[in-house]
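I have placed the structure first, in the form of structure tokens, so that the comments after it can refer back to it.
Numbers here are sequence positions counted from 1.
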Amino acid sequence: MDFRARSIHHRSYPSNAGTKHLGGRERVDRISSRPKSIDRFVAKAGKMTDRGVPKYEHPLAQIQDQIGARVTVFYKSDVESIREVLMRYLRPVESRDLVPASEWEFGYFGWHSVCLFPAELMMPDWPTEHVPNFFELQVKTLFQHAWSEANHDLGYKPERGGLSPDQNRMLAFASAQAWGADRAFEELFCELHDPAKAT
């Protein structure tokens with residue numbers, strides 16, 4: 001069974017579950033899900049370790065982000081409240097905040113969790129071999145979402161030999177602006193709605 005056959009079954013179901021559990025929540029901009037593209041799956045499945053052996057012996061079973069779901073919220077404080085709601089219903093195997101390695105750097109920011117694929121999303125007519133064991137969940141602010149989508153489109157161009165130093169600096173500059181916008185809107189939100197939390 002190949003990845004193409006598996007991916008066509010899973011274009012909307014994680015987002016359907018998010019809508020079910022987050023319906024009516026304020027400041028949720030969108031809930032979306034998508035399968036990993038075939039090209040990116042093949043590239044990841046073909047990765048080698050430093051010892052020159054395949055990183056994944058069984059890619060269909062071992063690669064955990066074949067399905068990705070994202071909840072996009074307005075403000076940074078919404079990230080925490082929404083992920084708390086989702087974790088009541090999902091079974092995470094790992095969760096982490098992704099930030100640049102140094103406080104002097106700007107780049108990718110976001111909260112990710114790898115969760116077991118919910119049984120409630122499995123359709124009765126799905127072959128079991130088409131159902132992944134896991135999916136990746138992200139909760140991001142509007143600005144984190146916008147930057148990561150543009151970076152994904154612009155920053156991953158191996159066929160062109162990668163980006164120049166100045167082009168990477170431009171991406172970092174845009175990330176810094178998104179980080180600052182998130183902070184500004186969060187502070188304004190707290191001042192207007194919860195003065196006790198305002199910094």
Salt bridge (Lys or Arg N to Asp or Glu O under 4.0 Å) contacts in which one or both residues fall within residues 84-107, not counting sequence neighbours: R83-D97

Same cluster for V85 and L137 if Ile/Leu/Val/Met/Phe/Trp/Tyr side chains link at under 4.5 Å? yes

If you define the side chain from C-beta out and look only at heavy atoms, does anything of V99 sit under 4.5 Å from W179? no

So salt bridge (Lys or Arg N to Asp or Glu O under 4.0 Å) across residues 56-66, not counting sequence neighbours, yields K36-D65, K44-D65

Transitive ILVMFWY side-chain link V28 to V139, under 4.5 Å: yes

Mind telling me whether W147 and Y108 have parallel, tilted or perpendicular rings, with 30° and 60° as the class edges? perpendicular

Mind jotting down which residue pairs meet the ring-ring contact (aromatic ring centres under 6.0 Å, His included) criterion with at least one end in residues 59-80? Sequence neighbours excluded, please. Y75-F189

Got a sec, which residues hit side chain to side chain donor-acceptor pair (under 3.5 Å) with S113, two or more places apart in sequence or on another chain? S95

Sorted by chain and residue number, the salt bridge (charged side-chain N to carboxylate O under 4.0 Å, His left out) partners of R169 (sequence neighbours excluded) come out as D166

In this structure, would V79 and F143 fall into the same cluster of hydrophobic residues linked by side-chain contacts under 4.5 Å? no

Do the non-hydrogen side-chain atoms of S148 and F109 ever get within less than 4.5 Å of each other? no

R27: partners by side chain to side chain donor-acceptor pair (under 3.5 Å), with sequence neighbours left out: D78

Could you give all pairs that pass the salt bridge (Lys or Arg N to Asp or Glu O under 4.0 Å) test and reach residues 139-151, with sequence neighbours left out? R34-E149, R70-E149

List in chain and number order the residues that pass ring-ring contact (aromatic ring centres under 6.0 Å, His included) with F173, two or more places apart in sequence or in another chain; answer none if no residue qualifies. none

From CG (L154) to CG (N168), nearest 0.5 Å: 11.0 Å

Check side-chain contact (heavy atoms from CB on, under 4.5 Å) between A45 and all other residues, then give those that pass, not counting sequence neighbours. F41, P59, I63

If Ile, Leu, Val, Met, Phe, Trp and Tyr residues are connected whenever their side-chain heavy atoms lie under 4.5 Å apart, and connections chain through other members, are F117 and Y89 in the same group? yes

Can you name the residues that form a side chain to side chain donor-acceptor pair (under 3.5 Å) with E186, not counting sequence neighbours? S77

If you measure from OG on S175 to CD on Q144, what distance do you get to the nearest 0.5 Å? 9.0 Å

Search all heavy atoms of V93 against all heavy atoms of F134 and return the closest pair with its distance. CG1-CE2, 4.0 Å

Rounded distance (nearest 0.5 Å) linking atom CD1 of I82 with atom CH2 of W111: 11.0 Å

What heavy-atom pair brings P118 and L90 nearest, and what distance separates the two atoms? CG-CD2, 3.8 Å

With rounding to the nearest 0.5 Å, note down the distance linking CG in N133 to SG in C115. 13.0 Å

Identify, with sequence neighbours excluded, every residue that meets ring-ring contact (aromatic ring centres under 6.0 Å, His included) alongside Y56. none

Please give me the minimum heavy-atom distance between Q66 and L60, naming the atom from each residue. NE2-O, 2.8 Å

Testing the basics here: between M87 and P92, what is the closest heavy-atom pair and its distance to 0.1 Å? SD-CG, 3.6 Å

Taking side chain to side chain donor-acceptor pair (under 3.5 Å) as the test, write out the residues that go with S164, two or more places apart. Q167

